[in-house]
Amino acid sequence: MKMDGEKEVARISINKTQSFTEIWYEGSVMFEGKEHSFWLVDPRGKDPDGREYAVEVRWWFKQVPREVRAMHDTIVEAYKEMKNDNKN
């Protein structure tokens with residue numbers, strides 16, 4: 001319990017072993033004649049409960065139309081299909 005006037009002390013903890021590895025892919029969406037580039041980030045590994053980490057889309061620039069940003073799930077699904085095609 002902290003008394004009035006006492007400061008909370010921060011404590012930082014970092015694991016010595018890595019949690020996962022990320023693989024980054026470059027891609028783009030053509031929308032209304034303009035290309036919007038992105039990175040697709042595929043974290044390889046699982047959390048302590050065995051669940052896989054989510055694939056993520058990161059846009060290169062801040063100025064990306066809402067309609068293009070809304071394509072996140074479509075981009076991730078296209079990536080998963082491509083990944084499955086490569087396995088076969």
For a quick test of your reading: what N or O donor-acceptor pairs under 3.5 Å do the side chains of residues 73-82 make, sequence neighbours left out?
{"residue": "Tyr79", "atom": "OH", "partner": "Asp42", "partner atom": "OD2", "Å": "2.4"}

Under the criterion side-chain contact (heavy atoms from CB on, under 4.5 Å), I'd like the reasoning laid out for Val55 against Val41: C-alpha separation, chi angles, the key distance, then a yes or no. CA-CA 6 Å; Val55 173; Val41 184; over 6 Å; no
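- Within the structure, the side chain to side chain donor-acceptor pair (under 3.5 Å) test picks out the following pairs touching residues 24-39 (sequence neighbours left out): Glu22-Trp24, Ser28-Glu35.
- A side chain to side chain donor-acceptor pair (under 3.5 Å) check over residues 57-69, counting only residues at least two apart or in different chains, returns the pairs Glu56-Arg58.
- One hydrophobic cluster, built from ILVMFWY side chains closer than 4.5 Å, holds both Ile23 and Val57.
- With a 4.5 Å cut-off between side-chain heavy atoms of Ile, Leu, Val, Met, Phe, Trp and Tyr, the cluster of Ile12 takes in Ile14.
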